[in-house]
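Shown next, in structure tokens, is the structure this report addresses.
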Amino acid sequence: MAALFALADLHLSLSGAKPMDIFGEAWVGHAAKMAERWDRRVGADDDVLLPGDLSWARDLEEAAADLGWIAERPGRKLLLRGNHDSWWSSASKVRRALHDSCTILQNDAHLVAGRVVVGARGWTAPDDPTAEPGDARIHERELGRLRSSIQFADRAFGREPPRVAMVHYPPWIEGRAPTRVVEILREGGVGTCVYGHLHGQDHRLGVQGERDGIRFVLAAADAIGFAPLELDV
């Protein structure tokens with residue numbers, strides 16, 4: 001069976017418009033570092049989950065080089081939108097812009113390496129201390145998208161294959177109650193949830209490991225050494 005990997009928060013900017021080295025030494029030359037480690041670990045028949053914040057580009061034209069970088073990497077890639085993916089317009093336009101090795105996850109589900117992958121971007125929960133006006137509406141919309149993805153999986157694949165969810169925002173913060181995302185994942189039969197969004201000192205905030213029957217995996221690039229992490233599902 002093909003191996004399944006995950007790598008979130010690529011934060012590519014091959015145009016140079018948003019150099020990531022301003023965020024610390026770890027990000028210096030990170031695109032080249034990721035390419036070398038990806039190419040060494042991932043085979044042509046493997047699958048890679050990319051849970052958001054892929055490119056700093058503002059539109060699809062500007063994102064072309066970054067999407068080309070993803071296309072050049074070995075394996076099949078399943079892309080999810082993150083909060084910084086401003087280039088991600090309509091699903092149809094994004095699909096047309098992508099290489100054949102790339103697929104998007106948006107209000108649907110996919111059979112990947114023998115697992116059914118569901119998911120949605122997520123958002124800041126309204127009871128989070130950092131929540132701002134308007135976050136509740138977006139959060140509710142993302143919960144609906146996650147439910148739609150799981151319902152799609154039920155219709156297309158049934159409940160027998162193991163299920164992996166990829167979301168961008170962390171579904172559970174240490175020391176706080178789980179967000180409603182966790183309840184939906186549990187009801188949807190998800191065994192593993194991969195997420196990103198957290199960087200630097202914030203890595204410690206995300207729940208990781210087995211919790212309430214779900215295994216949570218933080219796959220932000222700077223949390224896993226800028227190399228795709230193989231998922232043991």
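Counting from 1, the numbers follow the sequence of the chain as shown. Given the structure is predicted, the values throughout are model-derived calculations rather than measurements.
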Take D47 and L78 through the side chain to side chain contact (heavy atoms under 4.5 Å, CB included) test and state the conclusion after the steps. CA-CA 8 Å; D47 294 271; L78 186 59; over 6 Å; no
Just by modelled atom types, is the G144 backbone N or O under 3.5 Å from a matching donor or acceptor in the S148 side chain? yes
Check for me, please, whether V190 and L143 land in the same ILVMFWY cluster - side-chain distances under 4.5 Å, paths through other members count. yes
Taking every heavy atom of P161 against every heavy atom of V116, the minimum-distance pair comes out as CB-CG2, 3.8 Å
Distance col, row L60:CG vs L67:CG, nearest 0.5 angstrom, shows 7.0 Å
Apply side chain to side chain contact (heavy atoms under 4.5 Å, CB included) to the pair T192 and I214, showing each step before the final yes or no. CA-CA 6 Å; T192 299; I214 300 174; 6.0 Å; no
Hey, does the side chain of D66 reach the backbone of L14 with a donor-acceptor pair shorter than 3.5 angstrom? yes
Can you measure from OG (S15) to CD (E61) and round to the nearest 0.5 angstrom? 11.5 Å
So, for A44 and P74, which heavy atoms are closest and what is the spacing to 0.1 Å? N-CB, 4.4 Å
Would you check, one step at a time, whether the test side chain to side chain contact (heavy atoms under 4.5 Å, CB included) holds for H203 with L218? CA-CA 8 Å; H203 292 156; L218 173 61; 4.0 Å; yes
Measuring only between side-chain heavy atoms, which start at C-beta, is L12 closer than 4.5 Å to L54? no
Any residue meeting salt bridge (Lys or Arg N to Asp or Glu O under 4.0 Å) with R137, in chain and number order, not counting sequence neighbours: none
Same cluster or not: are V194 and F5 linked, directly or through other Ile, Leu, Val, Met, Phe, Trp or Tyr residues, by side-chain heavy atoms under 4.5 angstrom apart? yes
For D128, is there an ion pair with R176 - N to carboxylate O distance below 4.0 angstrom? yes
For the residue pair A113 and L4, what are the closest heavy atoms and their distance? CB-CB, 4.3 Å
What's the verdict on side chain to side chain contact (heavy atoms under 4.5 Å, CB included) for V112 and V164, showing C-alpha distance, side-chain angles and the deciding distance? CA-CA 9 Å; V112 173; V164 178; over 6 Å; no
What are the two closest non-hydrogen atoms of K33 and A26, and how far apart are they? NZ-O, 2.9 Å
Please round to the nearest 0.5 Å and tell me the distance separating atom CZ of R163 and atom SG of C193. 14.0 Å
Give me the atom names and distance for the closest heavy-atom approach of L105 to G119. CD2-N, 3.7 Å
From L80, V217, V118, residue fulfilling side chain to side chain contact (heavy atoms under 4.5 Å, CB included) relative to M166: L80
Between D85 and G82 (side chain of the first, backbone of the second, donor and acceptor by atom type, cut-off under 3.5 Å), is there such a pair? yes
Minimum-distance pair of heavy atoms, taken over all atoms of A35 and W69: N-CZ2, 3.6 Å
Point-to-point distance, once rounded to the nearest 0.5 Å, from NE2 of H139 to CZ of R121: 12.0 Å
Counting distance only, does the side-chain N/O of T179 pair as donor-acceptor with the main-chain N or O of P171 below 3.5 Å? yes
What I want to find out is whether R180 reaches E183 closely enough, with some N-O distance under 4.0 Å, to be called a salt bridge. no
Taking R186 for the side chain and V181 for the main chain, is one N or O donor matched with an acceptor at less than 3.5 Å? no
Just by distance, do the side chain of R155 and the backbone of A153 share a donor-acceptor pair under 3.5 Å? no
Between T103 and K77, a side-chain donor and acceptor under 3.5 Å: no
Below 4.0 angstrom, N of the basic side chain to O of the carboxylate: do R76 and D46 qualify? no
Residue pairs involving residues 85-122 (criterion ring pair (Phe, Tyr, Trp, His ring centres under 6.0 Å); sequence neighbours excluded): none
Taken in chain and number order and not counting sequence neighbours, the residues that satisfy salt bridge (Lys or Arg N to Asp or Glu O under 4.0 Å) with R96 are none
Of all pairs that satisfy salt bridge (Lys or Arg N to Asp or Glu O under 4.0 Å), the ones with a partner from residues 196-211, not counting sequence neighbours: E174-R211
So K93 and D59, salt bridge (charged side-chain N to carboxylate O under 4.0 Å, His left out) or not? Walk me through it. CA-CA 11 Å; K93 289 181 180 178; D59 54 41; over 6 Å; no
Rounded distance (nearest 0.5 Å) linking atom CD1 of I150 with atom CZ of R147: 9.0 Å
Return each pair, listed once, that meets ring pair (Phe, Tyr, Trp, His ring centres under 6.0 Å) where at least one residue sits in residues 144-193; pairs must be two or more places apart or across chains. W123-Y169, H168-H197, Y169-H197, W172-F216
Quick check against the 3.5 Å criterion: does D222 have a side-chain atom that pairs as donor or acceptor with the backbone of G200? yes
Interatomic distance, CG@L146 vs CD1@I184, rounded to 0.5 Å, equals 5.0 Å
Partner residues of H199 under the ring-ring contact (aromatic ring centres under 6.0 Å, His included) criterion, sequence neighbours left out: H11, W27
